[in-house]
Amino acid sequence: MNEMVKMVVVLTVLSAASGGVLAGVKKGTASQIEAQQLTFVKGPAIKSILAGSANDPISDRFKIADGELERNFFVGKMNGKASNIAFESYGKGFGGDIGFMVGVNLASGKVIGAAVTTHSETPGMGARAKDDPAFAAQFKGVSIRDKEIKVSKDGGKITAISGATITSRGVCAAVTNAMATYQKLEPQIKEHIKQFDK
Amino acid sequence: MHNTLKLTVSHAPFWHNGSSISSKSRNILLVSLLAVVPGCYQYGMAAVGVVTLSIASAIIWELAINFISRRPISVGDGNAAVIGMIFAMMLPATTPWWAVVTGTFFAVVIGKEIFGGIGANPFNPVALAMTIVMLSWGDLFDFNAALVNYSFDFKGVYPLVMSKSFGASAVESFGMIDLLMGKQIGGLGATFGIGLIIAGVYLMLRGFIRWEISVSFIAGIFITAFFFNLMKPELYASPGFHLLTGYTLIAAFFLAPEDATSPVNFIPMLIYGFLGGLLTVMVRNIGVHVDGVLYAVLMINLVHPLVDKIRPKAIGKGV
Amino acid sequence: MPKTLVQEFTKGLWDEIPPFRLVLGLCPTLGVTTSMENGLGMGLATTFVLVFGNILISMLRNIIPSQVRIACFIIVIATFVTVVELVMQAYTYALFLKLGVFIPLIVVNCIILGRAEAFACKNTIIYSIADGLGMGIGFTLSLGALGAIREVLGSGSLTVWGDLSYSVASVFPSFQPFTFLVRAPGAFICLGLMLCVLNAIGKK
């Protein structure tokens with residue numbers, strides 16, 4: 001009986017201690033990990049969209065709560081003024097959600113650049129949405145104040161990647177979502193961006 | 001104390017045709033010249049260089065591993081020379097020296113000696129080495145690119161690549177007779193069909209290779225290709241085309257019937273050979289690789305112990 | 001005869017060098033050694049888990065009931081592995097991406113459980129540290145060496161750490177990488193040849 005109790009006590013204490021340690025480490029490294037993930041996963045896309053910015057868009061970011069989600073907004077400064085903003089939005093592709101980073105000029109409301117960040121599309125087919133910059137470049141100049149955007153097959157003006165219509169639709173859906181998000185959050189974004197305008 | 005006579009008997013089954021390894025090697029070397037000499041004539045001194053380097057380096061690797069592992073010198077049986085020769089037959093004449101030497105290293109050392117020398121190898125050494133070098137330096141073995149500097153009196157395109165990328169209709173211009181006479185590009189000793197067939201028939205008649213395997217291998221190719229051809233004649237090439245292009249004939253007469261890696265009973269031999277032919281055509285027609293022969297040979301090498309379980313019932317055992 | 005501290009340390013470097021003499025921990029040895037940097041990173045992560053796992057298990061060796069010792073070892077080891085994973089994610093994210101699934105798999109690396117079971121639960125802390133450190137460094141060096149060979153021959157470059165990288169093509173311009181070696185079967189053949197060489201040296 002004594003053995004039994006000892007076993008239970010030792011295992012319980014050990015497990016509890018381990019859980020405590022892990023919780024501590026997780027909390028301690030969470031912000032650093034987030035920064036790393038932003039740099040390595042989304043960094044390249046952000047950098048290409050906000051090319052020419054004077055600041056580091058990854059460190060100059062702010063969060064806005066959108067329903068249950070917390071969205072990251074990355075600020076790009078041009079000529080000393082925080083004029084551009086990039087944020088991510090999602091659309092359903094062939095193999096799951098496609099993350100699509102959209103850069104918007106606040107004054108004109110026009111998309112200044114866009115790129116796929118995360119996806120699980122078929123290599124060589126849907127994955128060309130990320131690898132072929134010409135596809136994402138089509139979104140340049142689209143007004144973020146529009147209602148939605150479609151591929152040409154559905155009566156829109158985006159030329160789909162050949163053999164990857166579903167992926168192309170997914171990206172269009174992501175941009176449509178981005179429009180909705182932007183229109184909903186525009187006042188808050190403009191509020192937040194002032195702190196970077198120095 | 002007296003010395004008892006020890007009769008050591010290893011596991012059945014056995015295969016012996018009454019001749020020694022060295023005479024078998026000599027014969028194979030000799031008949032392979034039937035295919036290599038026309039190849040050398042076609043590609044000139046470069047091909048001669050590849051063949052000699054391949055044979056020489058195979059023998060040197062074998063000698064080296066004999067010394068390192070302190071085993072008796074075994075180059076005398078000629079097996080290393082045969083490995084070098086067959087390996088060279090599959091190479092394009094333009095293969096650089098280091099690829100040849102690495103290839104024979106993998107054939108002799110990794111393919112054969114590491115497992116304990118001749119007769120203990122689980123895979124055909126040549127097929128193994130060829131697969132490894134092809135996987136590593138694919139562009140060297142892209143025959144179209146490798147042989148681009150030669151001018152031929154026939155179409156200088158690797159037939160299998162043609163049929164793979166453009167369908168069977170693109171290869172109709174290759175006449176059967178031309179293919180048989182070696183009027184196609186490919187490995188330096190792999191294109192001259194008549195020479196290979198004569199060599200194979202001679203080896204089969206002398207009993208150095210087992211006709212069951214070669215014949216069933218060819219039958220496997222023929223039947224599978226026939227059905228593919230029947231389904232979509234514009235997409236899949238004819239059986240004769242598959243038989244005379246790529247490494248098919250080399251595999252049928254030199255690779256598949258290799259002693260240590262092939263079964264010895266009648267039915268297993270037929271299954272083994274047929275499976276090889278089937279896999280070859282499957283890879284060529286629906287796989288991504290241009291030539292499936294090497295993969296097919298490696299696969300049937302793996303299957304060999306399994307099919308060898310099909311054997312005649314021992315008399316008196318069971319009811 | 002009880003061994004000295006130095007002997008406990010050095011045995012991991014040669015006499016019982018993990019992948020080659022004990023032939024333990026082959027999963028990461030074969031899986032991550034496509035480059036030297038990966039091998040060293042994996043080795044360091046394993047060393048960390050090995051040393052701290054040994055310390056804790058050696059400390060608790062009189063408390064842990066023998067019936068549940070394996071469960072306790074696993075808890076301790078898994079804790080340290082998760083710590084390593086989080087720390088790597090936070091500070092060496094690029095390496096973490098490359099090593100991927102192999103980091104969590106350190107938990108089931110047989111060297112670590114093996115040393116805990118065979119050594120740390122029977123010896124004092126100091127000796128356990130020496131043992132863990134020796135084994136870990138031996139493991140790191142083995143993985144680094146294997147990774148270096150495969151990387152130099154297989155992809156024609158040698159990445160020491162981060163951006164510090166050399167290319168073979170700059171020394172021998174006609175060198176064409178032997179890509180077979182960075183593929184999975186190349187790992188087996190390379191490991192086998194290294195085992196072969198080490199056995200030949202050790203036999204004398």
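Chain A is the first sequence line, chain B the second, and so forth, proteins listed ahead of strands; every chain is numbered from 1.
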Apply the test side chain to side chain contact (heavy atoms under 4.5 Å, CB included) to residues C/V76 and A/S18: give CA-CA distance (whole Å), side-chain angles for both, the deciding distance (0.1 Å), then the verdict.
-> CA-CA 7 Å; C/V76 170; A/S18 143; over 6 Å; no

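- At most 12 non-hydrogen atoms from other residues, nucleotides or ligands lie less than 6.0 angstrom from CD1 of C/I126.
- In terms of heavy-atom pairs under 4.5 angstrom with chain A, the leader among C/V87, C/L56, C/I75, C/I64 is C/I75.
- A pairwise comparison of heavy atoms in A/Q36 and C/Y93 identifies OE1-CB, 3.2 Å as the closest pair.
- How far CE of C/M88 is from OG1 of A/T29: 13.0 Å, rounded to the nearest 0.5 Å.
- Summarising the geometry, atom CG belonging to A/L11 is positioned 13.0 Å from atom CZ belonging to C/R69; distances are rounded to the nearest 0.5 Å.
- We find the CD1-CG distance between A/I33 and C/L86 to be 5.0 Å, quoted to the nearest 0.5 Å.
- In this structure, the side chain to side chain donor-acceptor pair (under 3.5 Å) partners of A/N105, at least two apart in sequence or on a different chain, are A/N84.
- Once rounded to the nearest 0.5 Å, the distance linking CE of A/M7 with SG of C/C72 reads 10.0 Å.
- Proximity to chain A involves both the backbone and the side chain of C/Y91, based on heavy atoms less than 4.5 angstrom apart.
- Pairing each heavy atom of C/L60 with each of A/L14, the nearest pair is CD1-CD1, 3.7 Å.
- Shortest non-hydrogen contact noted between C/I63 and A/K6 is O-CE, 3.2 Å.
- In this structure, the portion of A/V10 lying under 4.5 Å from any heavy atom of chain C is its side chain and not its backbone.
- If you measure heavy-atom distances from C/A78 to chain A, you find no contacts under 4.5 Å at all.
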